[in-house]
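Working notes, beginning with the structure itself.
In what follows, chains carry the letters A, B, and so on, assigned in the order in which the sequence lines appear, proteins first and then strands, with residues in each chain numbered from 1.
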Number of protein chains: 2
Amino acid sequence: MDFINHLTSNNIKPSLQRIKIFEYLYDNREHPTVDTIYSDLVGDIPTLSKTTVYNTLKLFIDNNITSTVTIEDNEVRYDAIMEEHAHFKCEKCGNVQDVEIDVSALKFKEKNSFKVEKTNIYLKGKCNKCLNKIN
Amino acid sequence: MDFINHLTSNNIKPSLQRIKIFEYLYDNREHPTVDTIYSDLVGDIPTLSKTTVYNTLKLFIDNNITSTVTIEDNEVRYDAIMEEHAHFKCEKCGNVQDVEIDVSALKFKEKNSFKVEKTNIYLKGKCNKCLNKIN
DNA sequence: TCTAAATTTGTAATCATTACAATTTTATAA
DNA sequence: TTATAAAATTGTAATGATTACAAATTTAGA
């Protein structure tokens, strides 16, 4: 993945901060929160400010190269994979993972009363790691 | 719907506030936010405090007679219908409506790497009312 | 190199939510 | 009925995430 090109072709000037934040998001499939992104990158970019993280994510979202994951009502997570997929969160360990899913299989009665443009699917339960643990 | 009985049978003492809040939630299928619930009920119960609304909703959620709808990352909505259904939000008018859906139709590859206990499906787009409006 | 525009940054403001202690209400037993 | 304890409600203050905003820095172009 050529991050600079990806940003440029989406009308985003590839500043150091933007490249690093996008790269981090893209490589980190656990869908980090703003705090995690900031904490993990401030070592790399010592001048980084949390405002920049917020600004940059907003910019990414406005340009459709990032989306939010609101699987939990008290934390917003971010995702740089724009291909259709769902998310699973283990309620024991808290990890969030991507889930391949066929959204077109979803049928609903009210098909004619609105036009769907985006679908978010959130699954919760227990991951195998946690299920196999003896408590 | 006998609200008092519904609360009682779910181990919740049916105080005036609890009855009114549940009744409001159950009748209001637009999934109000805490602010909306508070504003709409404080006329009825002049002593009502927003803390009580928060406390009561938390109690309902802990006892599985209410769930949260986090279709938007900056507002938490509440829902007293516990039967399986999805939610659609019109991005033009902001209304949220229930959608009948067959969750069991959802197939995913990773079926064996976790155990799903809850599924939330959020649809966004334009409702017919907004689509038919001439701007 | 100079200047203007864009980007980043830090601080202060805002807003939703939670913590907590005081008050009020409810239930129980004398 | 009255007294007492427990439960529920309330108001205020604290917290924490996000946004607003203005100053500082960086970048791009003349």
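- The separation between A:Leu41 atom CG and C:dT9 atom P is 11 Å, rounded to whole Å.
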Donor-acceptor pairs are to be reported for all side-chain atoms of residues 42-52 of chain B against protein atoms at under 3.5 Å, with residues two or more places apart or in another chain.
unit_1, atom_1, unit_2, atom_2, d
B:Ser49, OG, B:Thr51, N, 3.2
B:Ser49, OG, B:Thr52, N, 3.2
B:Ser49, OG, B:Thr52, OG1, 3.4
B:Lys50, NZ, B:Asp35, OD1, 2.5

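- Within the structure, ring pair (Phe, Tyr, Trp, His ring centres under 6.0 Å) pairs that include any residue of residues 37-67 of chain B comprise B:Phe22-B:Phe60 (at least two apart or interchain).
- In this structure A:His87 satisfies the ring-ring contact (aromatic ring centres under 6.0 Å, His included) test together with A:His31, A:His85, sequence neighbours excluded.
- A distance-only check finds a donor-acceptor pair linking the side chain of A:Glu110 to the backbone of B:Glu100 [under 3.5 Å].
- For A:Val76, counting side-chain heavy atoms from C-beta on, the closest listed nucleotide (D:dA7, D:dT18, C:dT8) is D:dT18.
- Looking only at atom types and distance, the side chain of A:Thr36 has no donor-acceptor partner in the side chain of A:Ser39 under 3.5 Å away.
- A heavy atom closer than 4.0 Å to some atom of DNA chain C occurs in B:Thr51, B:Tyr54, these being the qualifying members of residues 45-64 of chain B.
- Atom pair B:Ile12:CD1 and D:dA7:P shows a separation of 15 Å (rounding to whole Å applied).
- Considering all non-hydrogen atoms of both residues, B:Met1 and B:Tyr26 come closest at CE-CE1, 3.7 Å.
- One interatomic measurement links the two molecules: NZ of A:Lys13 to C1' of D:dG29, which rounds to 11 Å at whole-angstrom precision.
- Between A:Leu16 atom CG and D:dA28 atom P there is a gap of 13 Å when expressed in whole angstrom units.
- Tested against A:Glu117, the residues B:Lys89, B:Lys92, B:Lys124, B:Lys126 include a single salt bridge (Lys or Arg N to Asp or Glu O under 4.0 Å) partner, B:Lys126.
- As rounded to whole Å, 14 Å separates atom C1' of D:dA17 from atom CG of A:Asp73.
- The OH-P distance, from B:Tyr38 to D:dT9, rounds to 15 Å in whole Å.
- Between the CZ atom of B:Arg77 and the C1' atom of C:dA16 there is a distance of 15 Å, rounded to whole Å.
- Look at CG on B:Asn74: it is 12 Å from P on D:dA20, rounded to the nearest Å.
- Partner B:Asp79 forms a side-chain contact (heavy atoms from CB on, under 4.5 Å) with one of B:Val96, B:Val69, B:Thr66 and no other, that one being B:Val69.
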Which donor-acceptor pairs under 3.5 Å do the side chains of residues 10-18 of chain A make with protein atoms, sequence neighbours left out?
unit_1, atom_1, unit_2, atom_2, d
A:Asn10, ND2, A:His6, O, 2.8
A:Ser15, OG, A:Arg18, N, 3.2
A:Arg18, NH1, A:Lys13, O, 3.1

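- A heavy-atom distance below 4.0 Å to DNA chain D is reached by these residues of residues 17-36 of chain B, ordered by number: B:Gln17, B:Arg18.
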